[in-house]
Each structure stands twice: as structure tokens, then as C-alpha cells.
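Working notes, beginning with the structure itself.
Numbers restart at 1 for each chain; the letters A, B, ... are given by sequence-line order, proteins then strands.
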There are 2 protein chains.
Amino acid sequence: MTNSTDGKPGKDAWGEKENKQRVVPTLASIAEQVGVSANTVSRALRAPNTVRPELRKRINIAMEELNYVPNRLAGGLSGTRTDIVGVVVTSLYYSEFASIIDTLQSSLLEHDLQVMLANTRYNPDQELKLVRSILSWRPAAMAIIGIDHPPKVLELLKSSGIPTIEMWDTSGPVIDTAIGFDHQAVGAAQARHLIDRGYRTLAFVGSLRENDRRARKRLLGLETEAIKAGITPVITCTEPIGGSPDLGEKLVLDLLQTHPGIDAIACNSDVVAFGVMRGLRKLGKRVPEDVGVIAFGDNEAAACITPPLTTIRPDRERIGRLTADAIVARINGGEPQTTIVDWKLVARESTQRDAVEPTNAG
Amino acid sequence: MTNSTDGKPGKDAWGEKENKQRVVPTLASIAEQVGVSANTVSRALRAPNTVRPELRKRINIAMEELNYVPNRLAGGLSGTRTDIVGVVVTSLYYSEFASIIDTLQSSLLEHDLQVMLANTRYNPDQELKLVRSILSWRPAAMAIIGIDHPPKVLELLKSSGIPTIEMWDTSGPVIDTAIGFDHQAVGAAQARHLIDRGYRTLAFVGSLRENDRRARKRLLGLETEAIKAGITPVITCTEPIGGSPDLGEKLVLDLLQTHPGIDAIACNSDVVAFGVMRGLRKLGKRVPEDVGVIAFGDNEAAACITPPLTTIRPDRERIGRLTADAIVARINGGEPQTTIVDWKLVARESTQRDAVEPTNAG
DNA sequence: TCGCATAAAGTTATCGCTAACGCAACGCTC
DNA sequence: GAGCGTTGCGTTAGCGATAACTTTATGCGA
């Protein structure tokens, strides 16, 4: 693309690179240009009011001219702390955690904290590898989805000595600080809602990966509540792969073949429910008259499909914001603290069989 | 939570911290424990076969025992290059770029490259701040959404001397390497499809932020193609805020009030289309008979709503994967190169007015 | 006018690691 | 058995910033 026979002047930055090796400016080069010591330049950045205004201005101009970008590898090594916050999620698909990250990142930005992101895809080996990798950057804090981690991950996080915020789930022992909710209670609320609406034969459908402990907690809540109400055992129809509409459709076709009597389906996620409802339509089953469908997640499309989907809405923005707050607080010496964030059961038409009052939880 | 009067032994890592300041192990501490020089420990990590197997084993055991995590601030400062890849996106909501990031991150992981993520939320000032912040970590490469950046961002990226991959859009001058497609062609394809299906009065509805250059390119393509076909000017009905179903519903109600003759709507995103279709239903308009709806993005729910939504499907996984490949190639001395990634017009029922062959593009 | 607090800069010593070089000990060739 | 490449490790010198001192002006009261 660029080749050395092309000697045309006024080339862009890449062309220039070929002639002399680009030298990335350092504090020292700024200092030299201005005629001061490197430390003065450093002060102009970190403690501007300890440098004469006139000098400070000249330093700023020089930095601007040379496109100086501080080297935080050096800064972090020398200083006490970096401004990195490690963020570990289990999935990025289907809006599951995207808006948590979105809110978290922009809240952290206000405190000049930089997100380093990792996605484990529900794989514990990868979780260990990624946590180790992030810790090697000496972050100021870690935020991680879930409270069920491999022992080695727990050990690393604990011995790292940095604040660790566990998000999304609070139902169990935590490392330090947790912000989320109890997933078993969600499952219980789903069951109660279906039962209140007159449904009697419950199934659980969706993705259920070996390491998705939260989904298992929701399923447990569903089963426990069903048993309490004297309902027949909940039929589970799951696959250990990621949730998608196609998976939902496939599973519901299987399910109704083997269990034609099912009259209510709790889905592990909204996107699975989308496929479940498509599958039910193909089978000629009406929702909510023949089969009720409830899900979890409150995907942006949940209110737009036909019929609108009853689902659980976790407050993702709030979790993101509170996590950012907790990180800042812990960095500044605040105490660890577990915070429960409300969720809501949003009753829509997909479970509107009888006009019983909806059961909300919080 | 933990207080110093609690002297109970056998406490967890956090308790221990209060007694003696936790000392994070370094290469030197491992070296001391094993009885070798620090450099030998470093070699055992970076070039294991230059260390005697027996000694290597002892070193590994010591590292495991002390929970050693290398300090890459030091490593990056000392070595030539870090393993960070900066990733800058404009949005995280609504699956817009989540699966690009997902694929990109897991592809990079295979090469032991770590993602540092930033989200500009379509704000150019924040883009500058974030790019500068990421560059200060001396990443090995940058991947960024779009090709329209503020001048200062271009300057920084060019003068940084690192490979920069621009994703999603290829219709214009690029910094280095670009992987994406031509958004104007997408708009043109949308118009052609609607016209082929017999629609004659076109509108463009959705979020249109000042700095969303890609949306403007799609709109331009839509208008250009409409004019070519001798169709009345495209009515635009937009808001400079993020897209959502609620926005779509609001805009379509406004639109049909002022322009009742509209018979086709191109939406800037699928989630907006979800709301548009809900709004049309409220107005008693049938889709696709009275009004055709086409969108952009191929959200996971697009095939599940009623009627299924005709939309444009960009190949996000492919963009993510190719971006990772390009990063690795460029780091290893490969040449810059622009790659066009195919997209597809997925014709579904929301535009099924006449049985004309669908117009696909690639 | 002296003394001393204060402001504004310079000096020096790390931070933890890697790259480059140095140097024994060993084995191989002829 | 002298010469020479290899192997395996130690030594030394930075990387680019920051923190802790030290030094040099400056001001101000007694």
C-alpha cells in the first residue's frame, strides 16, 4: 500500500514512518523542548497549581504540538495505583449484560476510570485465564458477574488485595461487595405468577449451561414454589448451549411432543421465549389461552412481540451505576457492603389467562 | 465489617490484610524463594525451554504457591509491546455491536491479546477522551467503529504508530485498515426493495444523532435511490437520541398524523421498527398491506415479532473475526488492507405486499 | 538587615520487568 | 586436547513515569 519508491512529500503519518522511526514523545522530550526538567512537566499534569501559569501554558502547548500521550505503564508502575477497572462478564449477547457494562463504563468514566473488559462465555477455565490476565494489569478494582467462581479465581481475587464487586447475584457468600438480587426468588415469583393465573402444568425451557449457576437458582425457585403449591413436578427441557430464538423453538417442539399437557412455560431468557412462542404458533397453540409463557430478562423486544411477553425486569442500569459507585467508594476506603437491587415482574398478555392480580416482588 | 479488635486467627484474605500490609509477590520474591536470579524466573515464563526442566518445575511451583501474577505494567514498560488491543464502539445497547465485540474478544484471546473497551455513545468529545486514554496504555493495536472521527482523533491515531482497524463502515478514506461495508448501498437496497414491492411513498424513521454518520449515509442511499425511481421525496421523521421501541412508536404516530399517505417506512434500526409496528397497530394500519416496514440490524427478535421484520443483516461475527485477524496480521508486519464484508437483505413478511422477487445485495 | 516560611523548580531513587551481554561448564570435532 | 559452539544461568542497564528530597528564588515581619 505504501512503498518506499513513493517519495511524494506531504504524506500522511504512515508514510513518514518509513523515513525515520517514529519516536513517541515522552515527558523528557517535552521537558527538553520547553527547557525544564521532566518532573516539572509531570507536575504540570498532576498538580498544575504547583507550576507557574506561564510555564504551564508553554508546557501544554508543547504537549499539544507533539501529540504527547502519557505512558500509563510507567505511571502505573511508579505510582501507587492504576485507573483500570477490570470487568468480567459471562456473555455479551442479547442485551444480557450490555446495558450493565454501558452504564458502568460511563459512570466510571466520570471518575477517570478505564474499563478493561473480558467475556468468559460461561467457561470457568477462561474465567481463570481472564481474571489472571486482568490482574496482571494491576487494576484498581474488579467487577465480575456472579458469585460462583472456581476456587482458584476466588483465591486470586482475594489475594489480589483490590476491591472486588460481584454483580447480578447476591444469593450466597461473596468475596467483598455484591450488587444484585436473589435468583431463586425470581424463579419462585415466576411460579407464583403462573399458578395465580391458573396454569397448572409447568415447564422450564431454555439454555442451561453447566456453569450457569444463576439459571439453576431460578429453576430451583420455580420448582420449590411449584411443589409448595402442590403442582406436578416441573418438566425441564434444556440444552447446554447459548440461548436463542431458534433454540427456544426447537425445545418447545420437543417438549410438547413428549409432554402435550404442558400449559405454562417459564423460559430462561426472553430470546428463548421469542422462539418458544413462534414454535407454539406453529403447533397451533394459542398464547396465553392454551399455554402461558413467562421469561426472564426484559429484552427490548419483549413488549413488542405478539402477544407481549410477561417477564422479569432486573434493573440493569441501577446495577451498573451502583457498581460504579461501590468501586469508587471502596477505592477511597469505604466498607464492603452487599446491596440488593429490585427487580419487577412485568405482567403482559403472554400469561393473561385469568384476571387475577399480578404478583410483584421486590 | 472487619475491625481490628477481631483477632480471630484463620480469617480470610481480607482479614489478613489488616495485620501486615499484603505484599504482592514479584519476580524477585519468586527468585529468592527458589534461589535463582530474577531473570531466570522471567525466562521460565517467556522462554521456558531455556531453563532446565527441573528448575522450571520448582519455579512454577513457587509461583503457584505465592499466587504470583506478573506485573504487565512493568513488562510492557520494559518490553517492546503490550498485549492490549483498544476497542472503541459507539454503543453497546440493543445488540448493535455486542456480537462484534464478543467475536473480536474471543478471537483475540486465542492470541493472548486483551481487550480494553470504550464506549463513546456517539459523543465525539468522549471519543477523543477515550482514544487518548486507551493510547496511554500503549496498546498493540486499536479497533474502532466507523471511519468518521474528529480531526484530533485521527491525528492521535495516526501519530500513535500502531495499527488501527476501522470497523463497520468502509465508505470513505480510512486511517489504515478497514473492515465493514458501504452504508449508502444499504439505504439504496432498502429503497429498491420497497419500490419493487410496490410501495410508493417512503419515510425514514428513527434515531438520528448528529454524529451518526452511518445512519446519514443509509438515509442518503435511500433518498438517492428513491429519486432515481421518480418517487416523491422521502419524509424523514427522526430524533437525535438513542433508538428504542418507544421512540419508534412515538415517531410513527407523529409521522402518520402529518403524512397520512405514507405506505412504507425504513427504520434506522430494528428496535425502532419494533415500536413502529406497535404504533401502526394502534393506528389500525395493517403491516404489510397498508404500510411496509423495513429496518436495519437484524436484531435477534426480528424474525419473531408479528409480522416478521424485513431487515438488513450485517455479518457481525465475520467483521469481528476479520478484525481480529487483521490486528494479528498488522502486528506481525502485514500490510494495511480494506475488506468489504457482505450483508444481506432478509425479506420477511413486513414488506410482503406483492410477490416480486426480493432484491438481494452482497 | 537578618531570618525564616513558602513557592517553584531540579535531583535522585525507585517501581518490576525485559533485553543484551557475559561467563562458566560441557560436549563435540579433528 | 586445543578450539569452538551450546546450554544455562547471572549481571547490568534501561523502559517512562512518580515520590521524596534538595536546592534556589521570593516575600515578609521583626
Item to check | Neighbour count above 12 (heavy atom, 6.0 Å) for Gln126(B) CD | outcome: yes
Checklist entry - Quick one: is Ser42(A) getting a side-chain N or O under 4.0 Å of the dA17(D) phosphate, OP1 or OP2? => result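 No.
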Next on the checklist: Let me confirm one number: the CD1-CD1 distance from Ile101(B) to Ile319(B), rounded to the nearest 0.5 Å.
Outcome noted: 12.5 Å
Item to check | Interatomic distance, Met142(A) atom CE to Met116(A) atom CE [nearest 0.5 angstrom] | outcome: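 Between Met142(A) CE and Met116(A) CE, I get 10.0 Å after rounding to 0.5 Å.
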Mind listing the N/O atom pairs, protein and nucleotides 4-8 of chain D, below 3.5 Å?
none

Salt bridge (Lys or Arg N to Asp or Glu O under 4.0 Å) involving [X] - partner list, sequence neighbours excluded:
X	answer
Asp83(A)	Arg72(A)
Glu54(A)	Arg52(A), Arg58(A)
Lys129(B)	Asp112(A)
Arg56(A)	none

Figure out the [atom1]/[atom2] separation between [X] and [N], and round it to whole Å.
X	N	atom1	atom2	value
Arg43(B)	dC9(D)	CZ	P	8 Å
Trp137(B)	dG16(D)	CH2	P	16 Å
Met63(A)	dA17(D)	CE	C1'	14 Å
Ile30(A)	dG16(D)	CD1	P	13 Å

Checklist entry - Counting only non-hydrogen atoms, which of residues 68-76 of chain B are less than 4.0 Å from DNA chain D? => result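 Output list: empty, so none.
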Checklist entry - What residues in residues 31-39 of chain A put a non-hydrogen atom under 4.0 Å from any atom of DNA chain C? => result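 Heavy-atom contacts with DNA chain C come from Val36(A), Ser37(A), Asn39(A).
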With a 3.5 Å cut-off and no angle check, do the side chains of [X] and [Y] form a donor-acceptor pair?
X	Y	value
Asn123(A)	Asn211(A)	no
Lys152(A)	Asn67(B)	yes
Ser136(B)	Arg132(B)	no

Checklist entry - Could you give the start and end, 5' to 3', of the contact zone on DNA chain C for chain A, using atoms under 4.0 Å from its heavy atoms? => result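 Contact boundaries, 5' end first: dA8(C) to dG16(C).
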Checklist entry - How close do Leu130(A) and Asn119(A) get, heavy atom to heavy atom, and via which atoms? => result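 The pair with the smallest heavy-atom distance is CD1-O, 3.5 Å.
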Checklist entry - Taking all atoms of both residues into account, what is the closest heavy-atom pair of Leu104(B) and Ala324(B), and its distance? => result CD1-N, 3.6 Å
Under the side chain to side chain donor-acceptor pair (under 3.5 Å) test, residues paired with [X] that sit two or more places apart:
X	result
Ser133(A)	Gln114(B)
Arg318(B)	none
Ser91(A)	Glu96(A)

Item to check | Ser78(B) side-chain proximity, nearest of dG10(D), dT18(D), dC15(D) | outcome: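 The nucleotide sitting nearest to the side chain is dC15(D).
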Item to check | Angle between terminal axes - the helix from dT1(C)-dA30(D) to dC30(C)-dG1(D), 5 pairs each end, rounded to 10° | outcome: 40°
Checklist entry - Is there a side-chain contact between Val88(A) and Ile134(A), using heavy atoms and a 4.5 Å cut-off? => result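 Val88(A) reaches Ile134(A) side chain to side chain.
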